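Computed from a predicted structure; not experimentally measured. All residue numbers refer to positions in the sequence shown, counting from 1. FYI, side chains are in, hydrogens and waters are out, and symmetry mates aren't considered; it's all heavy atoms of this structure.
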Amino acid sequence: MTMTDRSAGSTEEDVACCAYHRGHGPGSGADAPESPRERVNRRWNEVLQETRVTQTGVQILFGFLLSVAFAPLFRELGTVDRVIYVITVVLGASATGSLIAPVSIHRFLSGQRMKDEVLEAACRLMMCGMVLLALTIGCTLLLILRFVVPGVLAEALVAGVMLWFGLCWYVLPFRLRRRAARRSGTDAA
């Protein structure tokens, strides 16, 4: 059964991927409920908006990373910093690929009546891309801070920033989702 064949109600997949915002989207409250086709179209538009935001950031970061190798100070980097740089560039390229892939998939499958499958693949690629982007940012920060800040302070600062990313990007959304699920469970009772 495809997503467009399901009822317009929330499913586990909606919650797990491209979060379905119960009570905040079209079809909530006094409005008429969304049809399955309207819901998949709305979710696809949300993915496109999210993709636009993340693509810009990852492309700017990746461009910066590529230019670093041509800076005069790059030759002075030690082996550890060069390894961090290589890992960072590979993570950045992977994040770029994951975050741009939904556009390519959509272009190749446009008109094939596969929007629900395209949406599911795009959601998974976006989640993967966000993890890769967080890791890229962390490694970039580590590379820069190791050059600027003495000792283990660089690693401690990066660990703090990565913890913050984890809280903002992953813990908070899961916590909000759990709270909404508990609320809807009490509302239904």
Side-chain angles (χ1 to χ4, degrees), residues 3 10-22 24-25 40 42-69 80-109 114-147 149 152-181:
M3 185 179 299
S10 179
T11 66
E12 189 175 319
E13 289 174 5
D14 288 328
V15 173
C17 184
C18 301
Y20 177 71
H21 307 288
R22 211 180 287 195
H24 293 81
V40 78
R42 175 186 52 80
R43 289 183 69 215
W44 176 251
N45 286 330
E46 290 171 355
V47 166
L48 288 178
Q49 291 303 321
E50 294 164 358
T51 300
R52 286 183 185 115
V53 170
T54 56
Q55 278 179 355
T56 303
V58 77
Q59 287 171 334
I60 290 169
L61 179 59
F62 189 57
F64 162 75
L65 288 171
L66 292 177
S67 68
V68 166
V80 173
D81 291 325
R82 285 178 184 257
V83 168
I84 293 171
Y85 175 77
V86 169
I87 291 169
T88 305
V89 169
V90 170
L91 286 169
S94 300
T96 302
S98 289
L99 294 171
I100 293 176
V103 176
S104 177
I105 291 170
H106 179 260
R107 187 52 27 224
F108 277 101
L109 299 178
M114 296 178 63
K115 191 176 255 180
D116 49 347
E117 290 90 352
V118 168
L119 178 63
E120 186 62 32
C123 287
R124 291 183 189 283
L125 285 163
M126 289 287 295
M127 290 301 293
C128 179
M130 293 299 292
V131 169
L132 292 167
L133 178 58
L135 292 171
T136 304
I137 292 170
C139 287
T140 303
L141 191 58
L142 180 62
L143 187 63
I144 291 169
L145 289 179
R146 281 178 51 92
F147 196 72
V149 180
V152 295
L153 182 58
E155 288 85 0
L157 289 170
V158 171
V161 169
M162 294 309 293
L163 179 63
W164 180 247
F165 273 132
L167 290 171
C168 292
W169 288 11
Y170 304 103
V171 173
L172 179 61
F174 286 125
R175 191 165 177 202
L176 291 172
R177 182 171 69 187
R178 197 174 331 146
R179 184 184 304 160

Problem - Any donor-acceptor N/O pair, Ser67 side chain to Phe64 backbone, under 3.5 Å - result: yes
Practice task
Please name the pair of heavy atoms, one in Gly138 and one in Val158, separated by the smallest distance, quoted to 0.1 Å.
Solution key: O-CG1, 3.6 Å
Completion exercise
For Ala122 and Pro102 the tightest heavy-atom approach is CB-CB, 3.7 Å
Fill in the blank from the handout: Interatomic distance, CG@Leu125 vs CE@Met130, rounded to 0.5 Å, equals 13.5 Å
Exercise for the section: Evaluate whether atom CZ of Arg82 has more than 12 neighbouring non-hydrogen atoms of other residues, nucleotides or ligands under 6.0 angstrom away. Expected result: yes
Handout entry: Steps toward side-chain contact (heavy atoms from CB on, under 4.5 Å) verdict (Gln55, Val103)
Key = CA-CA 11 Å; Gln55 278 179 355; Val103 176; 3.5 Å; yes
Problem - Residue pair Val58 / Ile100, side-chain heavy-atom distance below 4.5 Å - result: no
Practice task
Find the distance between OG1 (Thr56) and CG (Leu99) and round it off to the nearest 0.5 Å.
Solution key: 10.5 Å
Handout entry: Closest approach of Trp169 to Ile137 (non-hydrogen atoms, all atoms of both residues)
Key = CH2-CD1, 4.4 Å
Handout entry: Gap separating the CG atom of Leu172 from the CZ atom of Arg177, nearest 0.5 angstrom
Key = 12.0 Å
Problem - Closest contact, heavy atoms only, Val149 versus Ala154 - result: CG1-N, 4.0 Å
Problem - OG1 on Thr136 to CD1 on Ile87, rounded to 0.5 Å - result: 11.0 Å
Exercise for the section: Any chance you could measure Glu46, atom CD, to Cys123, atom SG, to the nearest 0.5 Å? Expected result: 9.0 Å
Exercise for the section: Evaluate the criterion side-chain contact (heavy atoms from CB on, under 4.5 Å) for residue pair Arg43 and Val47; output intermediate values, then yes/no. Expected result: CA-CA 6 Å; Arg43 289 183 69 215; Val47 166; 5.7 Å; no
Practice task
Evaluate side-chain contact (heavy atoms from CB on, under 4.5 Å) for Leu157 paired with Val161, printing each intermediate quantity in order.
Solution key: CA-CA 6 Å; Leu157 289 170; Val161 169; 5.6 Å; no
Handout entry: Nearest-0.5 Å distance, CD1 of residue Ile105 to CE of residue Met114
Key = 9.5 Å
Handout entry: side-chain contact (heavy atoms from CB on, under 4.5 Å) between Arg146 and Leu142, intermediate numbers included
Key = CA-CA 6 Å; Arg146 281 178 51 92; Leu142 180 62; 3.9 Å; yes
Completion exercise
The ring-ring contact (aromatic ring centres under 6.0 Å, His included) partners of Phe62 (sequence neighbours excluded) come to none
Fill in the blank from the handout: Closest non-hydrogen atoms of Thr88 and Cys139, given as atom of the first, atom of the second and distance, are OG1-CB, 2.9 Å
Problem - Contact summary for Leu143 and Asp81, nearest pair of heavy atoms - result: CD1-O, 3.3 Å
Problem - Minimum side-chain heavy-atom gap Leu48-Arg52 below 4.5 Å - result: yes
Practice task
Return yes if some donor-acceptor pair links the side-chain N/O of Tyr85 with the main-chain N/O of Leu65 below 3.5 Å, else return no.
Solution key: yes
